[in-house]
Amino acid sequence: MTGRLTDEERREAMASLPGWIAVEGRDAITRRFAFRDFSEAWGFMSRVALVAEAMDHHPEWFNVYKTVEVTLSTHDADGLTAKDVRLARAMDQIAGI
Ligand SMILES: C[C@H](O)[C@H](O)[C@H]1CNC2=NC(N)=NC(=O)C2=N1
């Protein structure tokens, strides 16, 4: 199993993921994506879903109309791991960020 990030790895990860912020009171990161409309938001979620399934690593997310709020954490490790960083990067790329 992938282990939780060390403090150093965490600093590097957050520095390389502008737009993502640490969740208060929990070892997780979050980002809010805003799209032009629902179709774009859903398209994003569909593409991410395929990546997440292939990685066997799944986001917590909440969609309202054209926004998608995402929280990433590794439940098996009870915290932030390299898998979360990898999925966050993939999400940014898919969103065109
Ligand atoms: C059994 C299965 O491999 C695990 O439950 C996977 C699936 N997706 C997962 N997703 C996330 N975010 N964290 C996990 O620990 C996790 N574990």
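Quick note: residue numbers are just sequence positions, from 1. Remember, it's 1-based here, ligands and their atoms both numbered in the order they're listed.
Among all non-hydrogen protein atoms, the one lying nearest atom 3 (O) of ligand 1 is Asp56 OD2, 2.6 Å. Nearest protein neighbour of atom 13 (N) of ligand 1, counting heavy atoms only, is His75 N, 3.1 Å. Nearest protein heavy-atom contact of atom 10 (N) of ligand 1 is His58 N, 3.0 Å.
Using a cut-off of 4.0 Å between Lys/Arg side-chain N and Asp/Glu carboxylate O, Arg31 and Asp92 are scored as salt-bridged. A salt bridge links Arg26 and Glu60; the closest N-O separation between the charged side-chain nitrogens and carboxylate oxygens is under 4.0 Å.
When the side chains of ILVMFWY residues are joined at heavy-atom separations under 4.5 Å, either directly or via intervening members, Phe62 and Val70 end up in a single hydrophobic cluster. Under the 4.5 Å side-chain heavy-atom criterion for grouping Ile, Leu, Val, Met, Phe, Trp and Tyr, Trp61 is connected to Met55 within one hydrophobic cluster.
Between Trp20 and Phe33, the two ring planes are perpendicular [angle over 60°; tilted spans 30° to 60°].
Distance screen at 4.0 Å: atom 1 (C) of ligand 1 has no protein heavy-atom neighbour inside the cut-off.
Each of the atoms 11 (C), 12 (N), 13 (N) of ligand 1 lies under 4.0 Å from some heavy atom of Ser73. Proximity to Thr74 (heavy-atom distance under 4.0 Å) selects the following atoms of ligand 1: 13 (N), 15 (O).
For atom 15 (O) of ligand 1, the choice among Thr71, Asp76, Leu72, Leu87 with the nearest heavy atom turns out to be Asp76.
Dense packing is recorded around CD of Glu12, with more than 12 heavy atoms of other residues, nucleotides or ligands lying under 6.0 Å away.
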